[in-house]
Protein chains: 2
Amino acid sequence: MRKSKQRDAILDYVKCSTEHPTADMVYEAVKLSIPNISLGTVYRNLAQLVDEGFITVVETSDKKVHYEGNLTEHIHLLCKSCCNITDVFMKTDVPDVFSSTGFKIESQKTVYYGICKECRNT
Amino acid sequence: MRKSKQRDAILDYVKCSTEHPTADMVYEAVKLSIPNISLGTVYRNLAQLVDEGFITVVETSDKKVHYEGNLTEHIHLLCKSCCNITDVFMKTDVPDVFSSTGFKIESQKTVYYGICKECRNT
DNA sequence: TCGTAAGTAGTAATAATTACTGTTATCAAT
DNA sequence: ATTGATAACAGTAATTATTACTACTTACGA
């Protein structure tokens with residue numbers, strides 16, 4: 001993988017963001033420093049960065065893909081009301097499904113749905 | 001919510017299917033008994049059934065929404081190789097995030113990624 | 001410095017989902 | 001049972017996130 005300032009800027013933004021941005025959000029953000037960057041470039045590089053393991057994706061109920069730069073193990077709290085995703089850095093223990101199913105677990109994603117503090121208080 | 005044979009057929013199919021069908025798969029299946037059903041009808045009813053809590057959705061890495069009729073608590077095993085989703089009916093204990101974040105958990109979804117038995121053996 | 005191939009901008013195409021429109025079916029009240 | 005309101009429908013058009021394509025540009029090893 002060669003170096004490109006576009007990919008550097010994209011990785012940088014996703015790594016620093018805590019809001020699990022979509023491709024479009026990354027595009028808007030990176031455009032501030034590279035005004036003529038192409039949306040296609042953003043999509044291509046995000047996919048590449050996921051492939052190479054630099055970032056991961058978060059599947060949510062909206063039909064856009066969200067990206068995440070923090071690879072430390074954590075869970076997601078998804079508020080049904082405001083749709084915000086909150087990170088909680090904690091480990092969850094992986095069950096033994098191998099002995100019964102033969103499935104070899106490599107990674108996991110846990111999402112809890114509910115109402116966040118702010119939305120409960122209003 | 002009024003009764004309609006289209007919605008009955010859709011709910012019936014999703015409830016009985018174990019393959020986490022997409023809207024299009026539901027459409028194709030229901031078309032066998034109601035040949036002139038509209039794809040829009042399938043989408044509308046699936047959304048309605050989710051809203052009413054009769055079925056749920058499974059977010060996967062492909063960009064289609066998958067539906068699920070089995071509401072018993074279980075986890076999903078997603079094979080990176082064949083993309084199959086396997087259900088494992090087991091409880092996972094919910095961590096206490098309320099005391100630190102004020103987030104009230106209502107439901108959860110846990111997905112494990114890896115390689116299934118069949119794909120490992122080939 | 002030069003050749004090659006990875007990367008890019010800009011635009012066109014794709015595919016899942018949603019919106020719209022005129023018609024039909026459900027069902028509560030007469 | 002008939003009727004009237006409106007939820008639901010089929011069929012189709014529109015939208016939107018994402019992917020593919022093309023001609024040009026840049027990174028980098030020889």
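These numbers were taken from a predicted model, which means no experiment stands behind them. Labels below follow one simple rule: chain letters A, B, ... track the order of the sequence lines, proteins then strands, and each chain is numbered from 1.
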Got a sec? Which of residues 11-40 of chain B come in under 4.0 Å of DNA chain D, heavy atoms? B/N36, B/I37, B/S38
Separation of atom CG in A/D62 from atom C1' in C/dA16, rounded to whole Å: 14 Å
Side-chain heavy atoms nearer than 4.5 Å, only ILVMFWY residues, links allowed to pass through others: does that put A/Y43 and A/V57 together? yes
Taking NZ from A/K3 and C1' from D/dG29, how many angstroms apart are they, rounded to a whole number? 17 Å
Using 30° and 60° as the class boundaries, would you call the ring planes of B/H20 and B/H76 parallel, tilted or perpendicular? perpendicular
Note: for B/K63 and B/V42 on DNA chain D, the residue whose nearest nucleotide lies more 5' is B/V42
Keeping the roles fixed (side chain from A/R44, backbone from A/L39), state whether a donor-acceptor pair exists under 3.5 Å. no
Would one find a side-chain N or O of A/S4 under 4.0 angstrom from OP1 or OP2 of D/dA27? no
C/dA9, OP1 or OP2 - any side-chain N/O from A/Q6 closer than 4.0 Å? yes
What N/O pairs connect the protein and nucleotides 3-6 of chain C at under 3.5 Å? Give each pair on its own line.
unit_1, atom_1, unit_2, atom_2, d
C/dA5, N3, A/R2, NH1, 3.2
C/dA5, N3, A/R2, NH2, 2.8
C/dA6, O4', A/R2, NE, 3.4
C/dA6, N3, A/R2, NH1, 3.1

Are any side-chain N or O atoms of B/S100 and backbone N or O atoms of B/V97, one a donor and one an acceptor, separated by less than 3.5 Å? yes
Tell me which of B/H66 and B/R44 sits closer to the 5' end of DNA chain C, going by the nucleotide each one is nearest to. B/H66
For the side chain of A/V65, starting at C-beta, report the closest nucleotide among C/dT26, D/dT18, C/dT17. D/dT18
Rounded to whole Å, CD of A/E59 lies from P of D/dA17 at a distance of 17 Å
Over how many whole Å does the gap from A/K64 atom NZ to C/dA16 atom C1' extend? 15 Å
Does any N or O in the side chain of A/K15 come within less than 3.5 Å of the main-chain N or O of A/F54, such that one atom is a donor and the other an acceptor? yes
Could you state the atom-to-atom distance from OH of A/Y43 to P of C/dA9 in whole Å? 15 Å
Flag this pair as yes if the NZ/CZ of A/K117 is under 6.0 angstrom from the six-membered ring centre of B/F103 and inside a 45 degree cone about the axis; otherwise no. no
Starting from P on C/dT18, measure out to CG on B/L46 and report it in whole angstrom. 10 Å
A/K5 atom NZ is separated from C/dT8 atom P, nearest whole Å, by 10 Å
Could you give me the CA-CA distance, side-chain angles and deciding distance for A/S4 and A/R7, then say whether side chain to side chain donor-acceptor pair (under 3.5 Å) is met? CA-CA 5 Å; A/S4 88; A/R7 181 159 49 236; 4.6 Å; no
Say whether, by atom type as modelled, one donor and one acceptor occur between the side chain of B/E73 and the main chain of B/T92 under 3.5 angstrom. yes
Would you sort out whether A/K64 and A/D24 count as a salt bridge (charged side-chain N to carboxylate O under 4.0 Å, His left out), showing the intermediate values? CA-CA 9 Å; A/K64 304 172 198 168; A/D24 202 61; over 6 Å; no
Using five base pairs at each end, measure the axis-to-axis angle across the helix from C/dT1-D/dA30 to C/dT30-D/dA1 and round it to 10 degrees. 40°
